[in-house]
Amino acid sequence: MPELPEVETTRRGIAPHVTGRIVSRVLVREPRLRWPVPHALIEQLPGQAIASVGRRGKYLLLETAAGAALVHLGMSGSLRLIEADAPPGTHDHVDIVFADGHALRFRDPRRFGSLLWTTRPSQEHPLLRDLGPEPLDGDFSGGYLSAAARGRRVAVKPFIMNSHVVVGVGNIYANEALYLAGIHPRRAAGRIGRDRYHRLAAAIRRVLDESITAGGTTLRDFINGVGEPGYFAVHLRVYGRGGEPCPGCARPIREIRQGQRSTFYCPACQK
DNA sequence: CAACGGACCTGCCTGC
DNA sequence: TGCAGGCAGGTCCGTT
């Protein structure tokens with residue numbers, strides 16, 4: 001998926017074009033996403049005006065007076081603003097059509113993404129309720145991470161990728177942040193000092209900020225909210241660079257597996 | 001409660 | 001050229 005910067009770029013791309021617009025209908029071509037597209041979304045979203053486009057972790061929130069649509073892009077999803085009569089492609093599963101002739105088109109080849117509907121305040125949805133802090137907000141800090149890690153024997157990389165600890169840190173940025181902080185990805189989360197967690201928290205904010213500023217993405221096929229292709233603007237220091245020289249010490253970057261995910265790190269610079 | 005593996009899918013690349 | 005196999009940016013859930 002889109003990691004958090006891609007989701008935020010999508011949010012910023014679509015928000016000015018859909019805020020205040022009236023949904024006329026929800027066209028579902030393929031309901032079999034991670035969870036089936038609920039009938040309530042199809043029935044209750046039409047007629048509503050989009051009050052705001054929010055984000056919690058990697059969920060996009062289309063807020064209306066009647067409820068909120070939760071959109072998750074999974075591994076391969078995108079949400080684009082199009083002309084409603086544009087012919088759909090193979091994996092264009094859902095259109096949220098607006099009265100002004102535009103539509104938000106949800107495309108997701110792997111169908112790991114989801115579209116959900118809640119009539120409660122969106123933050124109370126079970127999938128959002130127990131999420132950790134936003135890494136770019138003030139309540140995320142090294143002190144918070146250090147406290148959350150107490151007694152935890154899990155390796156620090158899966159620890160920071162756990163959305164109940166902190167949201168929005170996917171595989172790419174977990175690798176990059178641990179490199180910048182000089183922390184070995186296999187080190188037990190509970191055996192890292194507070195000072196090093198301050199460095200890690202700063203590194204997480206830095207890599208996410210840099211990527212959002214760059215316009216979003218490292219994804220080959222990423223398309224932002226207004227249909228612009230993604231960039232290759234963000235320089236990745238270790239991700240995808242197994243065997244290449246470390247930018248700091250020139251020793252080869254090592255590649256290992258942690259929980260079926262690729263991990264890249266410098267064995268000299270990360271302890 | 002914590003940790004781990006499996007599950008959900010298709011597309012793309014590699015190697016035979 | 002065709003095909004099998006492996007791998008990919010996420011994250012929830014069931015089992016130990």
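Within every chain, numbering begins at 1; the chains are lettered A, B, ... in the order of the sequence lines, protein sequences first and strands thereafter.
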Using atom P in both nucleotides, what's the gap between B:dG6 and C:dG6 to the nearest angstrom? 15 Å
Given the rule that I, L, V, M, F, W and Y join up when any side-chain heavy atoms are under 4.5 Å apart, are A:Ile192 and A:Leu180 in one cluster? yes
For A:Arg261, which contact category applies under a 4.0 Å heavy-atom criterion: base, sugar-phosphate, or nothing? base
Please state how far atom [atom1] in [X] lies from atom [atom2] in [N], giving the value in whole angstrom units.
X: A:Arg152; N: B:dC4; atom1: CZ; atom2: P; value: 10 Å
X: A:Arg32; N: B:dC8; atom1: CZ; atom2: C1'; value: 12 Å
X: A:Asn171; N: C:dC7; atom1: CG; atom2: C1'; value: 12 Å
X: A:Asp130; N: B:dA2; atom1: CG; atom2: P; value: 13 Å
X: A:Met161; N: B:dA2; atom1: CE; atom2: P; value: 19 Å
X: A:Arg110; N: B:dT10; atom1: CZ; atom2: C1'; value: 7 Å
X: A:His93; N: B:dC8; atom1: NE2; atom2: C1'; value: 13 Å
X: A:Trp35; N: B:dC8; atom1: CH2; atom2: P; value: 14 Å

Pairwise side-chain contact, A:Ile160 with A:Val165, heavy-atom cut-off 4.5 Å (strictly under):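 The answer is no; the side chains never approach within 4.5 Å.
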Among [options], the nucleotide that comes nearest once only the side chain of [X] is considered:
X: A:His91; options: C:dT11, B:dG11, C:dC12; result: B:dG11
X: A:Val154; options: B:dT10, B:dA3, C:dG10; result: B:dA3
X: A:Gln260; options: B:dA3, B:dG6, C:dA8; result: B:dG6

Under 4.5 Å between side-chain heavy atoms, chaining through other members, with only Ile, Leu, Val, Met, Phe, Trp and Tyr counted: pull out the rest of the cluster around A:Leu131, sorted by chain and number.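 Via sub-4.5 Å side-chain contacts, A:Leu131 links to A:Trp35, A:Tyr59, A:Leu61, A:Leu70, A:Leu116, A:Leu127, A:Leu128, A:Val167.
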For [N], take OP1 and OP2 only and decide whether either is under 4.0 Å from a side-chain N or O of [X].
X: A:Arg34; N: B:dC9; result: no
X: A:Tyr59; N: C:dC12; result: yes
X: A:His72; N: C:dG10; result: no
X: A:Ser163; N: C:dC12; result: yes
X: A:Ser262; N: C:dA8; result: yes

Distance alone, cut at 3.5 Å: any donor-acceptor contact between the side chains of A:Arg257 and A:Ser262?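 The answer is yes; a qualifying pair exists.
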Is the ring centre of A:Phe112 under 5.5 Å from the base ring centre of C:dT11, and are the two planes under 30° apart, so that they stack?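 Per 5.5 Å and 30° rule: no stacking.
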Would you write the dot-bracket representation of DNA chain C, where each base gets (, ), [, ], | or . depending on whether it forms a Watson-Crick or G-U pair under 3.5 Å and with which partner? .|||||||.|||||||
Is a salt bridge present between [X] and [Y], judged by a nitrogen-to-oxygen distance below 4.0 Å?
X: A:Arg206; Y: A:Glu176; answer: no
X: A:Glu134; Y: A:Arg55; answer: yes
X: A:Asp95; Y: A:Arg25; answer: no

Taking donor-acceptor contacts at under 3.5 Å, does the side chain of A:Arg111 reach the base of B:dC9? no
Distance to the ring centre below 6.0 angstrom and angle to the axis at most 45 degrees; does that hold for A:Arg194 and A:Tyr197? no
